[in-house]
Amino acid sequence: MAIIQNVKGMRDHLPTDMMLRQYIVTTLTRISESRGFEPLQTPIIEYAETLEGKLGDDEKLIYRFEDHGGRRLALRYDQTVPLARVTAQYAGQLALPWRRYAYGPSYRGERPARGRYREFYQFDLDIVGSSSPLADAEIVAMLCEALTALGFPDFVTLLNHRQIIGGIARVSGLSEEAASGVYRAIDKFDKIGADGVRAELLKSGVDAAAADRILNLVQIDGAPADVLAALEQQLADDRRAIAAIANLRAVIAGLTAMGVPASQYRVAPRLARGLSYYTGVVFEAITPHWPEGSLLGGGRYDDLIGLFAGRNIPTVGLAFGIDRLHDVMLELNLGPRPRTTAVAFVTLFGPEQVADSLALATELRAAGINTLIALEPGNLGKQFKEADRRGVRFALVLGPDELTRNEVVIKDLQRGEQRSLPRAAIASLLAEALTEGK
RNA sequence: GUGCCUGUAGCUCAAUGGCAGAGCGCCUGACUGUGGAUCAGGAAGUUGUGGGUUCGAGCCCCAUCAGGCACCCCA
């Protein structure tokens, strides 16, 4: 007996969901290509060794297996490590800086929950081979542009820099080793609050004075310029943090020059982000409608590609979580909700009219109108019902009367209006209705 | 990976340990050149799966699978 069930954490995406998902991907693709980003696709399967050693603790979530030839393989954990591999492998062919986008599934053997799946789709944007703050700004600007285009009413992009967090840890007298526990604790600030973070810090061995200092710094809030000025004062002794603050200032200047509204981003010293390969600017977008975590996030990782390439290739990138974007858009009722891909439904009046009706459908498709045909001639009521149920807006009838007059009956099932028009006029009328609908 | 909650028709959910039901959806017809509304009828279930307790289990117990929540972590 066959098992009729999805593998844990793996989902089917039925047409209704797919149409919204494709809208999201199409929107992101358009934004990417408008800035000259180029598409890349890599295999879902990599050598396990390629993925190992880049992810820290998360490595235990990698799906590993052996193929028929005894090779140690793994399903990709994200699209960033494969990008690093490609950049190193095709170093001679890729002109840097290189802007690349990629869309596809990745796999993590986590316990599934809402918005968290073992197979999940990401849309990645990266600028490979530039350390310019304008590269960081461009990625963040695209993030804001994308969420705006998708119709998100109230998202905020939180910005921070790894060396600001590092500086906070260092001026609080913590070692590099203790710092990672600090990152994890402060990253939870929005979830567990100041007291919760304090408790976590104490638990991970930070003394009370240092914990208070950290909490103090991490809670600095306000306009980006003010936050950075306050941090500059507090972290004056830490050269790396000061450089990071200057870097963030340059990024923000870029955002302003690129026309990103100031309401769409904030500097948040408490933002840490988990992935261990980030080295510079980090950011994530949050919305009150998704308390479970970030919608998407990214940052600068200047060392990762070097592990493959053998030379330093600074890179900044971003990953949209398509599954989460889709789930939130469903809840907020954002984006279009087509029920079908077809605009017109050509009925089959009777066996004698099949050939003419199919020819009509071909004409419409040639004119760019997505057209569905009935498969059983006769019983128009049933055919109209099918068109309506499918959510196709226009039903067309080519019966004996219409054929002698060289006309077509077109019924707008949405409005309930029906007209008989010259056959030649149908395509342009449908095309018109299409553009009006947008 | 740990703890807790849930699983009944396609969907949303009822059913004190005692005959498995409703609404929506679906199919047929009223309506052989027209969908939606209305009316009439119909199909639909191994109660996630496998064991156990009981005269009797959708309900209680054990296991297992899947989903959700909190940890952990992250998209």
Side-chain angles (χ1 to χ4, degrees), chain A residues 1 3-11 14 16 24 55-61 76-80 103-125 143 180-181 183-185 187-188 191-192 196 200 272-276 278 282-286 290-299 317-328 345 347-350 353 374 377-403 408-420:
Chain A
M1 185 62 183
I3 302 172
I4 306 181
Q5 192 173 51
N6 291 76
V7 171
K8 186 184 180 86
M10 311 277 170
R11 303 189 299 163
L14 297 182
T16 314
I24 296 170
L55 304 164
D57 289 346
D58 291 345
E59 216 159 286
K60 58 179 187 284
L61 301 178
R76 68 180 179 206
Y77 178 91
D78 62 17
Q79 298 188 107
T80 306
Y103 169 67
S106 297
Y107 300 84
R108 297 181 191 178
E110 286 184 292
R111 183 125 179 198
R114 190 172 93 113
R116 158 184 295 208
Y117 310 99
R118 289 185 168 185
E119 176 182 70
F120 60 100
Y121 283 75
Q122 287 183 317
F123 192 104
D124 279 36
L125 295 171
L143 186 172
S180 71
Y183 300 162
R184 224 169 304 141
D187 202 34
K188 283 190 258 179
K191 204 181 247 176
I192 61 181
E200 289 248 346
R273 297 198 50 76
L275 287 177
S276 49
Y278 290 123
V282 290
F283 48 84
E284 70 180 35
I286 56 168
W290 192 262
E292 279 85 355
S294 63
L295 281 178
L296 51 100
L318 160 69
F320 292 87
I322 299 302
D323 303 276
R324 284 186 186 178
L325 282 176
H326 174 261
D327 289 356
V328 181
F345 184 101
T347 59
L348 298 177
F349 187 87
Q353 290 76 30
N379 197 342
L380 281 182
K382 213 169 174 177
Q383 296 182 44
F384 270 68
K385 189 164 184 169
E386 184 185 346
D388 183 52
R389 217 182 31 195
R390 290 231 84 84
V392 183
R393 179 162 170 196
F394 295 97
L396 305 181
V397 182
L398 200 51
D401 298 350
E402 287 77 24
L403 275 169
V408 174
V409 164
I410 176 167
K411 181 162 186 175
D412 183 337
L413 295 173
Q414 215 170 77
R415 299 192 185 164
E417 296 163 358
Q418 174 172 328
R419 294 194 273 172
S420 188

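In the text below, chain A, chain B and the rest are named by the order of the sequence lines, each starting its count at 1.
- The same atom, C1', is picked in rG45(B) and in rG3(B); the two are 33 Å apart, to the nearest Å.
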What's the verdict on side chain to side chain contact (heavy atoms under 4.5 Å, CB included) for Lys385(A) and Lys382(A), showing C-alpha distance, side-chain angles and the deciding distance? CA-CA 5 Å; Lys385(A) 189 164 184 169; Lys382(A) 213 169 174 177; 5.6 Å; no
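- Among the nucleotides rA66(B), rC74(B), rC69(B), the one closest to the side chain of Arg114(A) is rC69(B).
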Decide yes or no on side chain to side chain contact (heavy atoms under 4.5 Å, CB included) for Phe345(A) and Arg390(A), but give the supporting numbers first. CA-CA 10 Å; Phe345(A) 184 101; Arg390(A) 290 231 84 84; 5.5 Å; no
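- Summarising the geometry, the separation between CZ on Phe120(A) and P on rC73(B) is reported as 17 Å, rounded to the nearest angstrom.
- rG67(B) and rU12(B) have their P atoms separated by 15 Å, given to the nearest Å.
- rG51(B) and rU2(B) have their P atoms separated by 26 Å, given to the nearest Å.
- Using atom P as the reference point in both rG21(B) and rG42(B), the two lie 14 Å apart (nearest Å).
- rA75(B) atom C1' lies 11 Å from atom CG of Asp327(A), rounded to whole Å.
- Taking every heavy atom of both residues into account, Pro377(A) and Gly350(A) meet most closely at CB-C, 3.7 Å.
- Comparing rU46(B) with rC59(B), their P atoms are spaced 16 Å from each other, to the whole Å.
- Rounded to whole Å, the distance from CZ on Arg390(A) to C1' on rC26(B) is 13 Å.
- The shortest distance between side-chain heavy atoms of Leu296(A) and Gln122(A) does not fall below 4.5 Å.
- Within 4.0 Å (heavy atoms only), Ala387(A) reaches no atom of the nucleic acid at all.
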Summary of protein contacts for nucleotides 30-39 of chain B, nucleotide by nucleotide, where a base hit scores B, a sugar-phosphate-only hit scores S (4.0 Å, heavy atoms): ---BBBB---
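- On the P atoms, rG18(B) is 42 Å away from rG29(B), given to the nearest whole Å.
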Before you tell me yes or no, could you show the steps for Leu348(A) and Gln353(A) under side chain to side chain contact (heavy atoms under 4.5 Å, CB included), namely the whole-Å CA-CA distance, both residues' side-chain angles and the distance that decides it to 0.1 Å? CA-CA 7 Å; Leu348(A) 298 177; Gln353(A) 290 76 30; over 6 Å; no
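- A straight line from CZ of Arg76(A) to P of rA75(B) spans 15 Å, rounded to a whole angstrom.
- More than 12 heavy atoms of other shown residues, nucleotides or ligands fall within 6.0 angstrom of atom CZ in Arg11(A).
- A residue-by-residue look at Lys8(A) and Glu119(A) shows that Lys8(A) has its nearest nucleotide of RNA chain B further toward the 5' end.
- Just one residue in the list Arg324(A), Met10(A), Arg108(A) forms a side-chain contact (heavy atoms from CB on, under 4.5 Å) with Phe120(A), and that residue is Arg108(A).
- The same atom, C1', is picked in rG25(B) and in rG33(B); the two are 28 Å apart, to the nearest Å.
- The base of rC73(B) lies outside donor-acceptor range of the side chain of Arg108(A), with no N or O pair under 3.5 Å.
- For the P atoms, the distance from rU28(B) to rA37(B) is 16 Å, rounded to whole Å.
- Using cut-offs of 30° and 60° on the angle between ring planes, the pair Phe123(A) and Phe320(A) is perpendicular.
- Within 4.0 Å (heavy atoms only), Gly9(A) reaches sugar-phosphate atoms of the nucleic acid but no base atom.
- Closest-nucleotide positions on RNA chain B for Pro112(A) and Gly297(A) were compared, and the one nearer the 5' end corresponds to Pro112(A).
- Look at CD on Glu110(A): it is 9 Å from C1' on rC72(B), rounded to the nearest Å.
- Remark: the backbone N or O of Tyr121(A) is paired with a side-chain donor or acceptor of Asp323(A) at under 3.5 angstrom.
- Counting to the nearest Å, the P atom of rU2(B) and the CZ atom of Arg111(A) are 7 Å from each other.
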Apply side chain to side chain contact (heavy atoms under 4.5 Å, CB included) to Arg116(A) and Arg111(A), showing your working. CA-CA 8 Å; Arg116(A) 158 184 295 208; Arg111(A) 183 125 179 198; 5.8 Å; no
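- Nucleic acid contact class of Tyr121(A) (heavy atoms, under 4.0 Å, all strands): none.
- Taking only distance into account, the side chain of Gln79(A) never meets the base of rA75(B) through a donor-acceptor pair shorter than 3.5 Å.
- Every stem involving RNA chain B, taken as at least 3 paired positions in a row under the Watson-Crick or G-U wobble test at 3.5 Å, is listed here: B:1-7 with B:65-71, B:10-13 with B:21-24, B:26-30 with B:38-42, B:48-52 with B:60-64.
- The nearest whole Å value for the distance from the CZ atom in Arg116(A) to the C1' atom in rC74(B) is 5 Å.
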